[in-house]
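The chains referred to below are lettered A, B, ... by the order of the sequence lines, with proteins before strands, and numbering in each begins at 1. Computed over heavy atoms, backbone and side chain alike; hydrogens, waters and symmetry mates excluded. Just so we're clear, the structure is a prediction, and the values are computed from it rather than from any experiment.
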Amino acid sequence: MADPAILAERAKKNGGGEAGAGEGSSSFAERMAPLGVAGDAFARVGGGVADAATAVAGGIVGRVGRRIGQVLSADLDDRDPDYIRENLPLSWLAATLWYRAEVRNMGNVPERGAVLLVGNHTGGNMSPEVIVLPLAFSTYFGVERPFYQLAHNLVLASPLGPFLRRYGAMPASHEHAREALRSGAAVLVFPGGDWEVHRPSWEGNRVDFAGRTGFVKLALSENVEIVPVVTIGGQETALFLSRGAWLAKLTRADRLLRLKVIPISLALPWILNVGDLLGHLPLPAKITIEVLPPIDPHERFGHEPDPDEVYEHVIGVMQEALDGLAAERRFPVIG
Amino acid sequence: MRLNESTIVSASPKLIWDYIADPGNALHYMSGVTRWEVVSERRSGLGARYRMLIQVGSAEVGGLIEVVEFSPERDMAWSSVTGVDQRGRWRLRGVGGSRTRVEFRFAYGVAGAGITGYISELVAAPSLRRHLRRSLQLLKRQVEHERLRRDAAARQATPEATTA
């Protein structure tokens with residue numbers, strides 16, 4: 001994974017830091033020289049401005065590089081069981097009073113050892129299952145059982161990042177997931193990620209992993225069971241209108257920030273919420289989470305399973321469970 | 001936060017004690033409890049350990065508990081080893097005429113949780129109090145039913161006593 005020092009070095013090479021600033025000023029002055037005396041004076045002033053601007057830009061790039069390095073790094077020790085325990089009441093209050101959350105069949109998670117929990121992602125950047133599921137896991141198995149959640153880099157770069165890390169959130173990567181599983185921990189992934197979490201509200205009852213089979217390959221390589229977890233209600237915490245994939249392409253956020261979407265929704269307190277980068281006040285929709293029986297890919301699909309086949313099976317059982325939960329719901333938000 | 005509920009059961013302390021001291025009965029009368037699993041070699045008595053969970057609001061809360069007081073036909077108390085802090089106590093006192101006052105005490109909280117801990121204790125209290133009351137009702141019903149069953153069995157065993 002990206003080392004902070006390497007990233008800082010790369011940032012320096014790309015124009016960050018003092019060296020980059022010096023190079024920028026000389027080339028600007030040289031370009032202005034043919035303009036004569038006035039041009040010389042202008043070139044000196046312009047060179048100074050360019051100097052300062054490049055220094056500032058270089059500093060920012062350097063800082064961003066270091067910040068990205070910190071964000072992309074992961075340490076299993078960042079998870080703090082005592083901190084989680086002390087904050088259980090806060091999560092419990094949010095889950096109980098705001099979301100009236102109900103978690104079913106937590107006992108389907110194997111009692112001990114490494115396991116990969118695979119969930120559908122809901123509710124935009126204020127995803128309710130991110131609060132409810134770790135709470136249910138921690139109260140059921142105890143905060144002593146290691147439990148990690150893979151999260152988007154931007155989420156961990158936000159002001160909530162340090163708080164989430166102490167809860168066990170890690171930057172989403174195969175390397176981090178593998179490290180956690182090999183340590184014997186339970187790991188929660190949302191393969192649909194930003195694509196699924198920002199889907200329109202009218203697609204709320206659809207599991208959409210966008211064909212991402214990475215979690216299957218991870219489970220196969222680490223030989224762990226997959227425990228599907230299905231959530232309903234999150235897409236009713238705001239009126240999600242569009243993923244805004246076109247906006248992500250237009251602004252090149254898909255390449256620069258790994259953002260495939262820039263969602264557009266109607267949400268409190270912004271009314272029209274574009275990007276959801278500052279989050280929103282979620283409506284108190286009833287959240288129901290069902291933990292499904294574990295799937296052992298090797299046991300079910302033989303010695304060398306086809307990842308696509310396993311993927312289709314997992315999606316199938318999750319969709320079936322989600323349809324069942326949707327049939328129980330009578331009204332949006334109320335549940 | 002400490003909750004305390006009590007009731008009068010028409011049975012001897014011994015009969016009630018025999019019922020509550022058997023961990024196999026826990027799920028039959030402890031309302032809201034979804035798990036009461038023996039995790040120590042000792043099934044019952046001082047030092048016995050159980051993994052228990054109780055549904056409170058959105059979560060099944062509990063953890064590992066250990067019996068820290070075991071005074072037959074009088075007191076049984078437990079304390080949490082892991083999980084949310086809790087202490088529970090069954091207190092039996094005979095009130096004469098083969099009747100027993102049964103008290104169920106339950107104290108809970110999360111040390112270090114601050115103001116949110118205090119608020120959550122207050123919010124959880126009504127639901128937990130209902131569980132305590134319901135547990136006492138269930139215990140009373142089951143034990144009194146058991147007493148009637150035993151009395152009937154005794155009468156059948158000695159028919160001359162009933163006809164006389």
**Q** Any carboxylate oxygen within less than 4.0 angstrom of a Lys/Arg side-chain nitrogen, looking at A:Glu111 and B:Arg35?
**A**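 Looking at B:Arg35 together with A:Glu111, the answer is yes, because their closest N to O distance falls below 4.0 Å.
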**Q** Check each atom of A:Leu93 against the heavy atoms of chain B and say whether the ones under 4.5 Å are side chain, backbone, both or neither.
**A**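 The side chain, not the backbone.
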**Q** Between A:Arg85 and B:Asp85, is there a side-chain N and carboxylate O pair less than 4.0 Å apart?
**A**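 Yes, charged N to carboxylate O under 4.0 Å.
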**Q** For A:Tyr99, is it the side chain, the backbone, both or neither that has a heavy atom under 4.5 Å from a heavy atom of chain B?
**A**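 Looking at A:Tyr99, nothing touches chain B.
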**Q** Contact part of A:Leu97 toward chain B, heavy-atom cut-off under 4.5 Å: side chain, backbone, both or neither?
**A**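 Looking at A:Leu97, just its side chain touches chain B.
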**Q** Under 6.0 Å from the ring centre and within 45 degrees of the ring axis: does the NZ or CZ of B:Arg89 meet both conditions for the six-membered ring of B:Phe70?
**A**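 Geometry flag: not set, cation outside 6.0 Å or 45°.
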**Q** State whether B:Arg105 and B:Glu103 are salt-bridged, where the test is any N-O pair (Lys NZ or Arg NE/NH1/NH2 against Asp/Glu carboxylate O) under 4.0 Å.
**A**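 Answer for the salt bridge query: yes.
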